[in-house]
Amino acid sequence: MTNYPPIVGGASLLIALSLSTKLTLIIGADSLAAIRATAALQADSKVLVAFENNTKDKPIQLSEELIARRDQGELEIIEFDGPDHLLSLLDDGGGSDSSSIAVAFITDTLIGNKGGRRSYESASALRSVLKRRNILVNVSDMPS
């Protein structure tokens, strides 16, 4: 019998989702947000990018790719101020039908994020409000 290496927990599991009639919510404005947006667009998903601008004295710099894709009409971008405000924007339409959100990616938690890394508490609050709506949530670089 062949010996296989022991299983070590804590790894991510890649999954495949059919997103052709769904909305993908991406929270963040960095290059990882642009990568996630491109992947979602390639999966025929509608894409809504939402970013939180906590520092009015040093505004968040949107990824050039996100700006270009918005200008080409490939995705929408909204600004929000906290989890409750994001939900109210989504409930008000936020440019898209929030009831069709299938998955959300929180990308501004990335270690080394130039725009400032979202805190664990803030990411947890966002995850909680999205999970209450049965939306799958992926938080980058924050295990648990």
Side-chain angles (χ1 to χ4, degrees), residues 5-144:
I7 300 299
V8 178
S12 296
L13 175 66
L14 297 177
I15 59 173
L17 300 171
S18 176
L19 298 173
S20 61
T21 61
K22 300 292 183 181
L23 177 65
T24 298
L25 173 63
I26 299 170
I27 299 173
D30 54 6
S31 59
L32 181 57
I35 290 168
R36 297 289 187 260
T38 299
L41 290 167
Q42 290 171 333
D44 296 324
S45 179
K46 294 177 187 163
V47 175
L48 175 62
V49 175
F51 71 97
E52 188 171 13
N53 198 354
N54 288 332
T55 55
K56 299 299 180 192
D57 55 322
K58 184 182 174 194
I60 296 289
Q61 292 293 314
L62 289 170
S63 157
E64 290 181 19
E65 182 178 357
L66 289 174
I67 293 169
R69 293 195 182 283
R70 179 203 55 203
D71 293 348
Q72 294 170 24
E74 295 177 339
L75 55 78
E76 297 176 56
I77 300 175
I78 61 171
E79 184 175 352
F80 71 98
D81 184 24
D84 294 330
H85 184 232
L86 176 61
L87 281 184
S88 70
L89 287 172
L90 294 174
D91 286 341
D92 293 342
S96 299
D97 178 14
S98 66
S99 66
S100 70
I101 297 174
V103 63
F105 295 97
I106 303 176
T107 66
D108 57 2
T109 53
L110 198 61
I111 295 171
N113 190 349
K114 292 177 186 156
R117 185 177 190 210
R118 178 178 299 280
S119 71
Y120 178 83
E121 293 76 19
S122 177
S124 292
L126 280 169
R127 182 185 174 281
S128 292
V129 296
L130 294 167
K131 291 298 284 183
R132 280 195 299 255
R133 292 181 172 216
N134 294 320
I135 297 170
L136 295 173
V137 181
N138 174 268
V139 184
S140 301
D141 279 359
M142 285 200 177
S144 83

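Summarising the geometry, atom CD1 belonging to I77 is positioned 9.0 Å from atom CG belonging to L48; distances are rounded to the nearest 0.5 Å. Distance check, rounded to the nearest 0.5 Å: CG of L136 to NZ of K131 gives 6.0 Å. Expressed to the nearest 0.5 Å, how far CD1 of I27 lies from CD1 of I78 amounts to 9.0 Å. For the atom pair OG of S128 and CZ of R133, the computed distance is 13.5 Å after rounding to the nearest 0.5 Å. For the atom pair I26 CD1 and I35 CD1, the distance stands at 10.5 Å (nearest 0.5 Å).
With respect to K46, the side-chain contact (heavy atoms from CB on, under 4.5 Å) criterion is satisfied by exactly one of L23, I101, L75, T21: L23.
Of all the heavy atoms in V49 and G28, the pair that sits closest is CG1-O, 3.2 Å. Of all heavy-atom pairs spanning A33 and L66, the tightest one is CB-CD1, 4.0 Å. Between I135 and A104, the closest heavy-atom pair is CG2-N, 3.9 Å. Scanning both residues, F51 and A29, for their nearest heavy atoms gives CB-CB, 4.0 Å.
Counting non-hydrogen atoms of other residues, nucleotides and ligands closer than 6.0 Å to CD of Q72 gives a total above 12.
The side-chain contact (heavy atoms from CB on, under 4.5 Å) check on I67 picks up L62, R70, D71, with sequence neighbours excluded.
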Please list every donor-acceptor pair under 3.5 Å in which a side-chain atom of residues 38-45 meets a protein atom from a residue at least two apart or in another chain.
residue: T38; atom: OG1; partner: A34; partner atom: O; Å: 2.9
residue: T38; atom: OG1; partner: E65; partner atom: OE2; Å: 2.7
residue: T38; atom: OG1; partner: R69; partner atom: NE; Å: 3.4
residue: S45; atom: OG; partner: K22; partner atom: O; Å: 3.1
residue: S45; atom: OG; partner: T24; partner atom: N; Å: 3.3
residue: S45; atom: OG; partner: T24; partner atom: OG1; Å: 2.8

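Side-chain contact between L19 and V103 is present, with at least one heavy-atom pair separated by less than 4.5 Å. Residues S122 and E52 form a side-chain contact, since some pair of their non-hydrogen atoms from C-beta on lies under 4.5 Å apart. Two residues are said to be in side-chain contact when any heavy atoms from C-beta on lie closer than 4.5 Å; S88 and H85 meet this criterion.
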For a side-chain contact (heavy atoms from CB on, under 4.5 Å) check, start with the C-alpha distance between L25 and L130, then their side-chain angles and the critical distance, and finish with the verdict. CA-CA 10 Å; L25 173 63; L130 294 167; 4.0 Å; yes

